[in-house]
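Since the structure comes first, as structure tokens, the remarks are kept for the end.
What's counted below: heavy atoms across the whole structure, side chains too, no hydrogens, waters or symmetry copies.
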There are 2 protein chains.
Amino acid sequence: MNKESKIPAPTIERLAHYSRPLESLLDNETPVISSEKLARLCGVNPAQVRKDLAYFGEFGVRGVGYDVRDLLVEIKKILATDRDWTLCIVGMGNLGSAIAENENFKKRGYKFVAAFDSDPTKIGRTLPCGLIIEPTSRIRELVKSLKIEIGVITTRPHEAQRFADLLMDSGVKAILNFAPIQIRTLDCCKIENVDFAVKLEHLAYHIAKIL
Amino acid sequence: MNKESKIPAPTIERLAHYSRPLESLLDNETPVISSEKLARLCGVNPAQVRKDLAYFGEFGVRGVGYDVRDLLVEIKKILATDRDWTLCIVGMGNLGSAIAENENFKKRGYKFVAAFDSDPTKIGRTLPCGLIIEPTSRIRELVKSLKIEIGVITTRPHEAQRFADLLMDSGVKAILNFAPIQIRTLDCCKIENVDFAVKLEHLAYHIAKIL
DNA sequence: CCAGCTATGTGCACTATTTCACAATATCGT
DNA sequence: ACGATATTGTGAAATAGTGCACATAGCTGG
Ligand SMILES: NC(=O)c1ccc[n+]([C@@H]2O[C@H](COP(=O)([O-])OP(=O)(O)OC[C@H]3O[C@@H](n4cnc5c(N)ncnc54)[C@H](O)[C@@H]3O)[C@@H](O)[C@H]2O)c1
Ligand SMILES: NC(=O)c1ccc[n+]([C@@H]2O[C@H](COP(=O)([O-])OP(=O)(O)OC[C@H]3O[C@@H](n4cnc5c(N)ncnc54)[C@H](O)[C@@H]3O)[C@@H](O)[C@H]2O)c1
């Protein structure tokens, strides 16, 4: 049971991917799907799908496949997305605003309950989603009182480490960082980075190789 | 020569990461850096740094380290970011606009030369960066006449595949996709996906495990 | 109740990636 | 000029992840 500690990170990421087509299938009234079909929808190997799921239990029926609704429930349980999460976002530039407005996150249970910026001209402004931009000086106070669990960093790079430290120190359990720098992190806090430019550079490398 | 074909994808992504601190070091007037220091700045193993670089040549000096400026030039040469790239973006919602406005991309040589949307109320609008939003019906024409090499997709998910097909058919060599769906792709076109929600789910999984 | 069919769950071999450990080599001080 | 020192470049070992192949087990129809 506690082999959960050595589950490959790619498995976790794929589980999240599997849930996307499953949601469409549910709308589609497709009751059952095979590992082969799901694999094709996600661009992976069918054995991979079965193995990924097998880390967590036996969710399929031999000779039949997986019940779409049940499987989705199980995956959400595994990923802990069967509950709501409380988040805040620091840095309300273009990217920060786009993320705060995005409906998809809300739909998946990621609730932004606070938005921070250090630019005085932005503070107090109300976003279309209803959030009011707070000064960064209130981060500690609000993270604690609103029990914020995840922090999103969309500040400019030179401020990112400072706010990460502040968030961690205030009790945030995880950080999603969009600033293109390497954040030093404490053990008590899990961090994920998203760097679009890295992806573009990867693409550039491949195109250039072909030419 | 053709051992380039078996260079690990993680190596390419790390090379992009290495270039970030190197740029700061340049400003900092630090002339030389060891694999150990660079590794620490990037949160990886020093042997990894050396091996990654060794795929492409010998850039260091034994007993000394790597010349910061030279190394940066070499990495840019490898990643083909020592030149400009021509890009377009399809879907000028919040995220699309944030990306088009971002100065970092321009600074790194990624030039957005066209922006498309299918919403008639948006077409014709001028973005702060100077781009005029074109109707998606002009994608094929403009990709060809402006020699656009990379397409960025920030449309809503259900339109993403259609525009990906159109971009590929128009001659784009690579696509960066932000819509949370699996895009079917042709061999002639390299695709990278960025899915923030997957990262959040990864974080949620880890936090929930600890509790 | 059994035979035939189908698709899962999984041991194992294979492939990919990371890390170790050390020989090779450049520099510096004397 | 040479030994001490530092740090690279790299084969080989260790670790991680993927995919095959098949025994296993549920379902259906007779
Ligand atoms: N914003 C984010 O943080 C974020 C994060 C991850 C993925 N994405 C994905 O990126 C894509 C774009 O996201 P976004 O936040 O820019 O979305 P958005 O709502 O700002 O706009 C997206 C697109 O939909 C069109 N659109 C939106 N509302 C419309 C309307 N009422 N009528 C006609 N067209 C309309 C716009 O023209 C635009 O092209 C989506 O696929 C989304 O899932 C966004
Ligand atoms: N927009 C993107 O596509 C994108 C992509 C990848 C990474 N990022 C990163 O995300 C972060 C935010 O990007 P963004 O596009 O939202 O940046 P942005 O320029 O829209 O704003 C970023 C932040 O800087 C502050 N700011 C900007 N201009 C200011 C000014 N003149 N005076 C005072 N404060 C000012 C804002 O208050 C905001 O908090 C950056 O670290 C960027 O590198 C952005």
Short side-chain to backbone donor-acceptor contact, A:E13 and B:V198, under 3.5 Å:
no

Distance check needed: D:dT8 P versus B:E36 CD, whole Å only.
9 Å

Atom CD of A:E58 and atom C1' of C:dA7 are separated, to the nearest Å, by 13 Å

Nucleotide C:dC20, atom C1' - distance to CG of B:N45 in whole Å:
9 Å

Strictly below 4.0 Å: does B:Y55 bring a side-chain N or O up to OP1 or OP2 of C:dT18?
no

Please give, in whole Å, the distance from D:dT15 C1' to A:I7 CD1?
17 Å

Is there side-chain contact between B:D165 and B:L186, with at least one heavy-atom pair below 4.5 Å?
no

Kindly point out which of D:dG9, C:dG9, C:dT19 is positioned nearest to the side chain of B:R50?
D:dG9

Of the candidate nucleotides C:dC12, C:dT8, C:dA23, which contains the atom at the shortest distance from the side chain of B:R62?
C:dA23

Check whether any side-chain heavy atom of B:F112 lies under 4.5 Å from a side-chain heavy atom of B:V152, and answer yes or no.
yes

Candidate nucleotides D:dT18, C:dC20, C:dT25, ranked by approach to the side chain of A:R14 - the nearest
D:dT18

Below 3.5 Å, does any donor atom in the side chain of A:K6 face an acceptor in the base of D:dG17, or the other way round?
no

Is a side-chain N or O of A:R20 found less than 3.5 angstrom from the main chain of A:A16, in a donor-acceptor match?
yes

Given DNA chain D, 5'-ward residue of the pair A:V64 and A:A9, judged by closest heavy atom
A:A9

Side chain of B:V61: nearest nucleotide among D:dT8, C:dA26, C:dA7?
C:dA26

Give the rounded distance in Å between these two atoms: CZ of A:F56 and C1' of C:dT8.
18 Å

Rounded to whole Å, please give me the gap between CG in A:D52 and P in D:dG19.
10 Å

Heavy atoms from C-beta onward define the side chain here; which of C:dT10, C:dC22, C:dT19 lies closest to that of B:Q48?
C:dT19

For atom CD of A:E74, is the number of surrounding heavy atoms from other residues, nucleotides or ligands below 6.0 Å larger than 12?
yes

With a 4.0 Å cut-off on heavy atoms, is B:S35 in touch with a base, just the backbone sugar-phosphate, or nothing at all?
sugar-phosphate

Under 3.5 Å, is there an N or O donor on one side and an acceptor on the other linking the side chain of B:K51 and the base of D:dT10?
no

Using atom types as modelled and distance alone, determine if a side-chain donor or acceptor of A:T154 lies under 3.5 Å from a backbone N or O of A:V90.
yes

Selected nucleotide, minimal atom distance to B:S34 side chain, candidates D:dT7, D:dT10, D:dT18:
D:dT7

Could you pick out which residue, A:G63 or A:F59, lies toward the 5' side of DNA chain C when each is mapped onto its nearest nucleotide?
A:G63

What is the distance, to the nearest angstrom, from the NZ atom on B:K37 to the C1' atom on D:dA6?
11 Å

Would you say a side-chain N or O of B:Y66 is under 4.0 Å from OP1 or OP2 of D:dA6?
no

Given atom CG of B:L38 and atom P of D:dT7, what is their separation to the nearest angstrom?
14 Å

